[in-house]
Amino acid sequence: MKTDDEIIYLDNNSSTRIDPEVLEEMMPFLTERYGNPSSAHRFGRQVKDATKLAHERLAALLGCQPNEVVFTSGGTESDNTALHSALQMTPDRRHIVTTSVEHNAVLNYCQTVVSQGCEVTTLEVDDEGHLDLAELERAIRPDTAVVSVMWANNETGVINPLDEIAAICRAKGVALHTDAVQTVGKMPIDLAGKYLQFLSLSGHKLHASKGVGALYVNRNSKFHPMIVGGPQEGGRRAGTDNVASIVGLGKAAELAASTLEEENTRVRALRDRFEETLLAQVEDVAVNGDRAKRLPNTSNVAFLGVDAQAILIKLDQEGVCCSLGSSCTTGAVEPSHVLRAMHMTNERARSSLRFSFGRFNTEAELDRVLEILPRIVSKLRQLAPAAG
Ligand code: PLP
């Protein structure tokens, strides 16, 4: 078994390593600066100033106002809150439009409100992972409370045309929420002047800590909190602030702004070299999802005829971390709902792995993976040749 130091981490869409600069900014708030930001004394005010700075830094990354940022416990809470708020603010509208490739934080929330009498239209995607915008337009009804479409998909990296979607929602007068958990920090974002009511993000996807995230709430949109209690976050999310993590997310946002260029060049080049080499050197390999309109760091690859779980286990033994394109519930491997929604056979979905690159990956790591991975695939094919 490899030690943690020897790990090659290609699972950055699952979670990222906390950046050392982020950790450094967090530490005082886990130790000597333990005041409550709501306290009226100087000790509390210092902490309040730090959370204020975090609002400003995140707002700068998003191109919005600091008071449009509401800190939450993560992407899941942000997604739930956006949909909850939209439904609460328009009690006469009981319909949601979403897509079949959303994260479960959206899909399962929708299922819950269906059991409470709401209706949900779940739009299909094509083989490449794209929505049909004409279908989206047709799906919006007079009683639609909100359209929820992710900006970029966590499994394939496929990017939705948010501006075009926003134009449709604006024309129909319906609120728009986007799950940008995988987008923030990987693509430039400028919300100024955009038609968008809610945007979700998560700290641990951009080198901050787990258990912190944010919801952008457009200052012109109505809002109804999901968690009620104290007046924190302008009355939009009650509960004493998770100060250290909020401070960390602010710093991570500042760093993300300065590394975006790198994400789009160096990280993209790593991902592209990975795919080009596999496609050239390994037989029966296919990339899942539209390769052009994709996040720069994500690669979802099918090794046709080979069980992806077996590859993942062998990679793990060699110290390489990636993700299955499927979810494991109670021991049974279910093909990923995203790949199935892209009309993939169960067999192809079960042969697919997601590799997600990040800031800390190196060329040397990639060389090593490109030596290990083809060898593993070829060995597994020899052991269990695909049925003719
Ligand atoms: N939305 C997307 C697209 C995600 O990838 C994730 C995490 O994997 C979430 C939401 C949930 O975020 P969190 O883990 O912060 O609750």
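Each ligand, and each atom within it, is numbered from 1 in the order the structure gives.
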Which atom pairs, one a donor and one an acceptor, fall under 3.5 Å between side chains of residues 16-30 and the rest of the protein, sequence neighbours left out?
{"from": "T16", "atom 1": "OG1", "to": "H204", "atom 2": "O", "distance (Å)": "2.7"}
{"from": "T16", "atom 1": "OG1", "to": "H207", "atom 2": "N", "distance (Å)": "2.7"}
{"from": "D19", "atom 1": "OD1", "to": "E21", "atom 2": "N", "distance (Å)": "2.9"}
{"from": "D19", "atom 1": "OD2", "to": "R359", "atom 2": "NH1", "distance (Å)": "2.9"}
{"from": "E25", "atom 1": "OE1", "to": "R57", "atom 2": "NH1", "distance (Å)": "3.1"}

For M150, the ligand 1 atoms whose distance to one of its heavy atoms is below 4.0 Å
3 (C)
Atom 5 (O) of ligand 1 - nearest protein heavy atom and its distance
Q182 NE2, 2.8 Å
When you measure from the side chain of S100 to the backbone N and O of L123, does any donor-acceptor pair fall under 3.5 Å?
yes
Could you give the side-chain donor-acceptor pairs of residues 277-285 under 3.5 Å, partners two or more places apart or in another chain?
{"from": "T277", "atom 1": "OG1", "to": "R273", "atom 2": "O", "distance (Å)": "2.6"}

Considering heavy atoms of the protein only, find what lies nearest to atom 16 (O) of ligand 1 and give residue, atom and distance to 0.1 Å.
T76 OG1, 2.6 Å
Assess E102 for proximity to ligand 1: is some non-hydrogen atom of it under 4.0 Å away?
no
Could you give the distance from CG (L58) to CD (E68), rounded to the nearest 0.5 Å?
11.5 Å
Taking the minimum heavy-atom distance to atom 10 (C) of ligand 1, which of T183, D179, L201, N154 ranks first?
D179
If you apply the rule side-chain hydrogen bond (donor to acceptor under 3.5 Å, both in side chains), what do you find for N12 with K186, and how did you get there?
CA-CA 11 Å; N12 287 278; K186 296 182 186 135; over 6 Å; no
In the structure I gave you, are the side-chain heavy atoms of L366 and F357 within less than 4.5 Å of one another anywhere?
yes
Indicate yes or no: does an N/O atom of S202 lie under 3.5 Å from an N/O atom of ligand 1?
yes
Is the closest side-chain heavy-atom distance between V181 and W151 below 4.5 Å?
no
Considering only heavy atoms of D79, which atoms of ligand 1 have at least one such atom less than 4.0 Å away?
1 (N), 10 (C)
Numbered atoms of ligand 1 (with element) below 4.0 Å of H204, judged on heavy atoms
13 (P), 14 (O), 15 (O)
Atom 4 (C) of ligand 1 has as its nearest protein heavy atom H103 CD2, 3.3 Å
Any non-hydrogen atom of K205 lying under 4.0 Å from ligand 1?
yes
side-chain hydrogen bond (donor to acceptor under 3.5 Å, both in side chains), that's the test. Do R268 and N297 meet it? Break it down for me.
CA-CA 6 Å; R268 182 188 292 275; N297 79 317; over 6 Å; no
Please report which non-hydrogen protein atom sits nearest to atom 13 (P) of ligand 1, along with the residue it belongs to and the distance in Å to one decimal place.
G75 N, 3.5 Å
Using distance alone, determine whether G74 and ligand 1 share an N or O pair under 3.5 Å.
no
